[in-house]
Amino acid sequence: MRDERRATPRRERSDSVRNRERLLSAARELFAAEGLQAPLDRIATAAGVGPGTLYRHFPTRSALWEAVLEEPLLAQLALVDRALADPDRWAGVAGYILETCALEAERGGYLNLMTTRFDDAPRLLEIRTRIQRRIVELFSRARAEGAIRPDFTTEDLLFITLSNSRVAEVTRDVAPRAWRRNAQLFLDSLRPERAHPLTEPPLKPSDVARTMMTRPTARRPD
């Protein structure tokens with residue numbers, strides 16, 4: 001009896017670890033396939049556990065996001081760090097945009113990773129703040145050295161990321177590389193020698209923030 005009593009807690013801990021890993025694996029797959037707002041009950045079903053087990057491990061969607069999304073955000077941070085290290089400013093900017101679009105567009109990526117609000121996920125917010133600061137530095141240097149058109153702002157990246165996310169989403173099953181054409185068209189528009197005056201002013205940082213506030217937030221379903 002003593003051995004059985006000792007074995008039960010170990011078995012329960014082992015089951016708990018396996019359930020958590022199943023949930024993480026299912027979340028990665030569904031977030032990649034359907035976006036970061038994939039239903040939590042479907043994640044539980046895909047993992048072969050009940051909703052109660054999911055919420056014991058991850059009480060909110062934000063808790064699950066923090067467990068799953070830190071790695072891809074760190075990959076984004078590495079991308080912009082490599083771009084900043086490139087002495088060719090245009091190559092750094094173009095490479096960063098294309099690689100970022102690729103991460104969002106490919107099956108292993110996460111649509112809207114850089115545009116979804118992470119209000120209740122402080123670790124993710126901290127990493128993304130670092131990314132955003134480096135992006136500002138990347139494009140400030142490129143403008144200063146004449147590598148990109150002088151009126152392109154960091155806020156204009158929103159047009160590229162939102163456009164790329166949507167193009168990748170709607171063309172994935174028909175033309176899975178169509179997003180590259182979209183991204184390349186945007187890159188041509190950044191060339192200073194091809195710039196024409198723009199009729200509309202750039203977005204302000206507050207405009208971008210208000211735009212993001214209209215997007216779905218990390219809330220646990222009722």
Side-chain angles (χ1 to χ4, degrees), residues 36 62 65-66 68-106 108-168 179-180 182-198 200-215 218:
L36 301 185
S62 294
W65 275 350
E66 287 204 314
V68 172
L69 301 180
E70 180 173 347
E71 183 177 346
L73 277 173
L74 289 174
Q76 281 278 354
L77 183 60
L79 286 184
V80 71
D81 281 344
R82 285 202 301 272
L84 277 167
D86 195 324
D88 183 328
R89 294 300 174 205
W90 170 253
V93 164
Y96 172 73
I97 289 176
L98 283 174
E99 289 188 74
T100 297
C101 288
L103 281 178
E104 287 202 354
E106 293 169 358
Y110 299 93
L111 288 172
N112 304 322
L113 180 62
M114 290 299 293
T115 55
T116 297
R117 291 175 61 191
F118 293 133
D119 294 345
D120 300 317
R123 172 59 177 162
L124 302 185
L125 276 174
E126 186 271 331
I127 298 172
R128 196 163 65 186
T129 297
R130 288 161 60 193
I131 294 170
Q132 289 165 339
R133 287 173 179 166
R134 283 166 169 79
I135 289 171
V136 169
E137 183 179 357
L138 174 67
F139 284 90
S140 295
R141 290 183 183 180
R143 276 196 308 272
E145 296 182 23
I148 60 174
R149 58 188 299 159
D151 55 354
F152 184 84
T153 71
T154 305
E155 289 70 37
D156 289 327
L157 280 174
L158 180 68
F159 302 131
I160 299 177
T161 55
L162 291 182
S163 171
N164 179 72
S165 294
R166 184 59 177 156
V167 168
W179 66 268
R180 294 187 65 86
N182 179 64
Q184 288 163 355
L185 287 169
F186 269 109
L187 284 178
D188 264 3
S189 74
L190 267 63
R191 293 280 194 177
E193 66 273 16
R194 297 174 186 171
H196 294 85
L198 301 174
E200 298 298 319
L203 294 176
K204 303 172 186 176
S206 59
D207 294 330
V208 175
R210 288 170 58 198
T211 300
M212 303 319 302
M213 287 178 67
T214 66
R215 302 176 69 79

J.: How close do Arg82 and Glu99 get, counting heavy atoms only, and between which atoms?
T.: NH2-OE1, 3.2 Å

J.: Hey, does Ile148 have a side-chain heavy atom less than 4.5 Å from the side chain of Arg191?
T.: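 Heavy-atom side-chain distance check fails, nothing below 4.5 Å.
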
J.: What is the minimum heavy-atom distance between Leu187 and Ala94, and which atoms define it?
T.: CD2-CA, 3.8 Å

J.: Please report the closest heavy-atom contact between Ser163 and Phe186, naming both atoms and the distance.
T.: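 Smallest interatomic distance, heavy atoms only, reads OG-CE1, 3.5 Å.
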
J.: Working to the nearest 0.5 angstrom, can you tell me the gap between Ile131 CD1 and Asp81 CG?
T.: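 CG of Asp81 is found 9.0 Å from CD1 of Ile131.
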
J.: For Arg89 and Gly146, indicate whether the former's side chain and the latter's backbone hold a donor-acceptor pair under 3.5 Å.
T.: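 Checked: no pair found.
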
J.: Keeping Glu66 on the side-chain end and Arg123 on the backbone end, is there a donor-acceptor pair under 3.5 Å?
T.: yes

J.: Would you confirm whether Asp120, through its side chain, and Ser62, through its main-chain N or O, come within 3.5 Å as a donor-acceptor pair?
T.: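 The answer is no, because no donor-acceptor pair under 3.5 Å joins these two groups.
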
J.: Does the side chain of Arg149 come within less than 4.5 Å of Asp156's, by heavy atoms?
T.: no

J.: Among Arg134, Arg141, Arg133, whose side-chain hydrogen bond (donor to acceptor under 3.5 Å, both in side chains) with Glu137 holds?
T.: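 Passing option: Arg141.
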
J.: Please name the pair of heavy atoms, one in Leu103 and one in Gln76, separated by the smallest distance, quoted to 0.1 Å.
T.: CD1-NE2, 3.9 Å

J.: Output the distance between atom CD1 (Ile160) and atom CG (Asn182), rounded to the nearest 0.5 Å.
T.: 9.0 Å

J.: Let me see the working for Phe118 and Leu73 under side-chain contact (heavy atoms from CB on, under 4.5 Å), right down to the final yes or no.
T.: CA-CA 12 Å; Phe118 293 133; Leu73 277 173; 4.3 Å; yes

J.: In terms of relative ring orientation, are Tyr96 and Phe139 parallel, tilted or perpendicular, with 30° and 60° separating the classes?
T.: perpendicular

J.: Out of Leu79, Leu157, Thr100, Leu84, which residue meets the side chain to side chain contact (heavy atoms under 4.5 Å, CB included) rule with Ile135?
T.: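 By the side chain to side chain contact (heavy atoms under 4.5 Å, CB included) criterion, Ile135 pairs with just one of Leu79, Leu157, Thr100, Leu84: Leu157.
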
J.: How many angstroms lie between CG in Leu124 and OG1 in Thr129, if you round to the nearest 0.5 Å?
T.: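 If we round to the nearest 0.5 Å, Leu124:CG and Thr129:OG1 are 10.5 Å apart.
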
J.: Looking at Pro192 and Ala147, what are the two nearest heavy atoms and their distance?
T.: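 In terms of heavy atoms, the two residues are closest at CD-O, 3.5 Å.
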
J.: Work out which heavy atom in Val68 is nearest to a heavy atom in Pro72; give both atom names and the distance.
T.: O-CD, 3.4 Å

J.: Say you draw a straight line from CD1 of Ile97 to CG of Asn164; how long is it, rounded to the nearest 0.5 Å?
T.: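 It comes to 10.5 Å.
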
J.: OG/Ser140 to CG/Leu138 distance, rounded to the nearest 0.5 angstrom?
T.: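 Between atom OG of Ser140 and atom CG of Leu138 there are 8.5 Å.
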
J.: Any side-chain heavy atom of Leu203 sitting closer than 4.5 Å to one from Thr153?
T.: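 No; the side chains remain at least 4.5 Å from each other.
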
J.: Are any side-chain N or O atoms of Thr161 and backbone N or O atoms of Leu158, one a donor and one an acceptor, separated by less than 3.5 Å?
T.: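 Judged by distance alone, yes, a pair lies under 3.5 Å.
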
J.: CG of Leu36 to OG1 of Thr116: how many Å apart, nearest 0.5 Å?
T.: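 Those atoms lie 4.5 Å apart.
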
